[in-house]
Amino acid sequence: MQKQSDAAATAGPPPETTSIAARAMAALRPGGAPYLDGLNPEQRRAVETTDGPVLVLAGAGTGKTRVLTTRIAHLIATGRARPYDILAVTFTNKAAREMKARIGALIGPAGEGMPWLGTFHAIGTKILRRHAELVGLKSDFTILGTDDQLRLMKQVIADQNIDEKRWPARALGHAIDGWKNRGLSPEQVPPGEAGAFAFGKGGALYTAYQARLATLNAVDFGDLLLLCLKLWRENPDVLENYQHRFRYILVDEYQDTNVAQYLWLRLLAQGHRNVACVGDDDQSIYGWRGAEVDNILRFEHDFPGAAVVRLERNYRSTGHILAAASGLIAKNEGRLGKTLRTEDVAGERVTVTGAWDSEEEARLVAESIESLQAKKHPLSEIAVLVRISAQMREIEDRFVQLGLPYRVIGGPRFYERAEIRDALAYLRATANPADDLAFERIINTPKRGLGDATLQQLHTYARAERVPLLLAARRLIETDELKPRVRSTLRALAESFSRWARAVETVPHSEVAQTILEESGYTEMWQKDRSADAAGRLENLKEFVRSMEEFPDLAGFLEHVALVMDASEAEGAERVSLMTLHAAKGLEFDTVFLPGWEDGLFPNQRALDESGRAGLEEERRLAHVGLTRARKRAKLSFAVNRRIHGLWSSTIPSRFIDELPAGSVDVVEAPAHFSAGASRFDRNPAPFGSSYGTPGWQRAQANTAASGRGFGQSHGASPGGRGGPRQIEGELVAKSTGAPSAYAAGARVFHTKFGPGTVAGVDGNKLTVDFDKAGRKMVLDSFVQPG
DNA sequence: CGCCCCTGTTTTTTT
DNA sequence: AACAGGGGCG
């Protein structure tokens, strides 16, 4: 496959033609084409193969972003395209921002104001606003966030008299999301799937949901793409216009595209057929939210004659790290196949350390960081990457105890916070009196005595008269259908909204926001709140009002908030970064800690249960992403005991550890200071079987016994010095026997710690056992005896 | 209408 | 274990 693609690439239009012309044209400009300097031959080919479809398979650390930005610079500098002829799509705002900045740096002001560089959703919005009426919307449509969607779904479910407990709105949301990801409008959903939800009502619910959106003049994120497809299919002239307009199309992170995005791109690319997709099938980690690795695997089929360029020269990691990552990812089937290589030194081996429990693991990580810090390793160049957010807690606790400065990347986002969503709801309801969802959110926030009963009345009236809630309120307060108290409260609220709406016309919008928050009693609500986070919320509200000043008007600000759900965070501070593996994609650090490599956690059991082998391969890609974040040092670890949902479970090392090439790995034993006193476990819970028979493990056990209790030696881990971690080269702690287990599902077994149980599943020498007392656990078969 | 207790849930995350 | 959301009660 690899050979084939390369052949196809060279069989295409000879790149030299464009290359010479490009260079000649660039040479006309003073200073030649400095932006091409320093590209390697493959990168250069990816940049200079301008015409026709191109797939750039860019492995981790091979200069993907550089290629993308240089390619745009090249298109503009050589006069092939003006900035507005180029469509460049990314997935995240961050990526879009970065690309803008780098293009600016490459070619100066000429590259500024690329109007069609943005996320799929931002560009989709831009297009839909221009043609809103063709898809049944007004151009000032609202973009709903997930919480609004959820509330809408709840209403729809209730309307259809379906038990929301049996068929939760979340599940419906998931189903509809899935359909939208696959580009399916309600009528296109396969009947079988539509019928699977709520006794055959899934399709009807989807239809009803879309109808509700339409009456609200609102769309959700999926619609931003789906409605473009509808627009183009029903209006070929409009499609043609865009096909013509976008002379060159570039797509970043192509492996993350879902079907809807793929269809979207394909329609547009059919014009000039100059589409360059950059991606890495080995870094596809978003399958669970609809990304189709197949899109990248099928590229050459979908775009016949496509040139394929592989970027395999890695400029990031040292040899052993790259070897470990490559060796691991090689276990995946269904990949296009790349071999990363580096000209860098072999460097340090990847280390693997076993800890007694997750608490000790956190301590090991923290102490390891402290000793690096002592050697002047900048903290900003250290990251701890975890599989799930829940792992962060223990690590944070440890950092706090030691006073290690750290920052969590990708936590709850600014615009997702309750106080911000409330403030936004006030602004939305002010800007758009028909925004029922916003009005509903704040009608009783702060508490003003307008509860469910009142809301029901409003709903009934609004539905009967087909008017928005706020208008329904205005009309009802003129009748005597409401209790006097409710009536006066509601009148005051309605009048406030009128007043605020008038203010928007004359007063700067951030001042109006300030006024709204004060007059509505919202600020006061938090001032009176005695809970610990109230002060922080007030701070957030201040920041929120302040951030509005950066936008020309209220509508502009609301659009920004709907599409750009992240607030820029201060970078470069002297802190350790803590984040999930997913959040780490695209980042790099000198030293990377990868804790929690245990079967069940990583690879994650749920991924395995839900997606089987595909799930396992995605987990493996995640591991690959994790390893390739490291420039100089990657430190894996696992714990033998971990608390899962509050219960202690015994765990076994990740199968991925076994899959690493032994030659690039060092097993490093934990410094000998197991916190025996703090553990609630017997030191020797089970006779160690073959898997724990390695010298390192045995020594760890011996040291534990000898070192006694307490924390006394916690700083004795001076690396390189005496008493520091000893290394046993090439030995793997979790070495599998490879031999199939002697046990079969259904067999009765006995475990010294967990007692009797029944084997539920077998995977090599790893057993899933339902213990009579202890519940379901995963254990190595050498830990149990026939029972 | 509002508060409190109980119950069920718990991957990864963007737009 | 921790949290969120719903139901029931005052």
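Given the structure is predicted, the values throughout are model-derived calculations rather than measurements. In what follows, chains carry the letters A, B, and so on, assigned in the order in which the sequence lines appear, proteins first and then strands, with residues in each chain numbered from 1.
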| said: Regarding A:Gln155 and A:Glu440, do their side chains bring together a donor and an acceptor under 3.5 Å, going by distance alone? | reply: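 Side chains of A:Gln155 and A:Glu440: pair found under 3.5 Å.
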
To the nearest angstrom, how far is [X] atom [atom1] from [N] atom [atom2]?
| X | N | atom1 | atom2 | value |
| --- | --- | --- | --- | --- |
| A:Asn93 | B:dT14 | CG | P | 10 Å |
| A:Met392 | B:dT12 | CE | C1' | 10 Å |
| A:His174 | B:dT11 | NE2 | P | 11 Å |
| A:Glu618 | B:dT12 | CD | P | 14 Å |
| A:Ile409 | B:dT14 | CD1 | P | 12 Å |
| A:Leu225 | B:dT14 | CG | C1' | 12 Å |
| A:His645 | C:dA1 | NE2 | P | 14 Å |
| A:Phe91 | B:dT13 | CZ | P | 16 Å |

Give me the ring orientation class for [X] and [Y]: parallel if the planes are under 30° apart, tilted from 30 to 60°, perpendicular past 60°.
| X | Y | result |
| --- | --- | --- |
| A:Trp264 | A:Phe120 | perpendicular |
| A:Tyr286 | A:Trp288 | tilted |
| A:Phe602 | A:Trp597 | perpendicular |
| A:Tyr242 | A:Trp116 | perpendicular |

| Mapping A:Thr146 and A:Ile285 to their closest nucleotides on DNA chain B, which lands nearer the 5' end? |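 On the 5' side of the pair lies A:Ile285.
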
With the threshold set at 4.0 Å, does a side-chain nitrogen-carboxylate oxygen contact exist between [X] and [Y]?
| X | Y | value |
| --- | --- | --- |
| A:Arg621 | A:Glu618 | yes |
| A:Arg655 | A:Glu659 | no |
| A:Asp177 | A:Lys180 | no |
| A:Glu292 | A:Arg182 | no |

| query | Base, sugar-phosphate alone, or nothing: which one does A:Gln261 contact when heavy atoms must sit under 4.0 Å apart? | reply |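 Nothing, no heavy atom under 4.0 Å.
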
| query | In this structure, which one of A:Ile388, A:Val625, A:Leu594 forms a side chain to side chain contact (heavy atoms under 4.5 Å, CB included) with A:Leu581? | reply |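 Testing A:Leu581 for a side chain to side chain contact (heavy atoms under 4.5 Å, CB included) against A:Ile388, A:Val625, A:Leu594 leaves exactly one candidate, A:Leu594.
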
| message | Nearest to the side chain of A:His121, heavy atoms from C-beta on, is which of B:dT15, B:dT10, B:dT12? | response | B:dT15

| Of the nucleotides B:dT13, C:dA1, B:dT15, which has the atom closest to the A:Arg289 side chain? | B:dT13

Any N/O pairs under 3.5 Å between the protein and nucleotides 1-9 of chain B? List them or say none.
residue: B:dC1; atom: OP1; partner: A:Gly449; partner atom: O; Å: 3.1
residue: B:dC1; atom: OP1; partner: A:Gly451; partner atom: N; Å: 2.2
residue: B:dC1; atom: OP2; partner: A:Asp452; partner atom: N; Å: 3.1
residue: B:dC1; atom: OP2; partner: A:Ala453; partner atom: N; Å: 3.2

| field | Any donor-acceptor pair under 3.5 Å from A:Gln261 side chain to A:Asn258 backbone | value |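 The answer is yes, because a donor-acceptor pair under 3.5 Å joins these two groups.
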
| In residues 578-586 of chain A, which residues come under 4.0 Å of DNA chain B by heavy atom? | A:Thr580, A:His582

| field | Per-nucleotide protein contact string for nucleotides 2-10 of chain C (B base, S sugar-phosphate only, - none; heavy atom under 4.0 Å) | value | S---S----

| task | Using the aromatic ring of A:Tyr286 (for Trp, its six-membered ring), decide whether it stacks on the base of B:dT14 within the limits of 5.5 Å and 30°. | result |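 A:Tyr286 ring does not meet the centre or angle cut-off for B:dT14; no stack.
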
| said: It should be established whether A:Ser389 places a side-chain nitrogen or oxygen under 4.0 Å from OP1 or OP2 of nucleotide B:dT12. | reply: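 Answer yes for this pair, as a side-chain N or O of A:Ser389 is under 4.0 Å from OP1 or OP2.
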
| said: Does a side-chain N or O of A:Arg606 approach OP1 or OP2 of B:dT11 to a distance below 4.0 Å, or not? | reply: yes

| field | Verdict with supporting geometry, A:Asp422 and A:Thr445, side chain to side chain donor-acceptor pair (under 3.5 Å) | value | CA-CA 8 Å; A:Asp422 288 339; A:Thr445 309; 5.2 Å; no

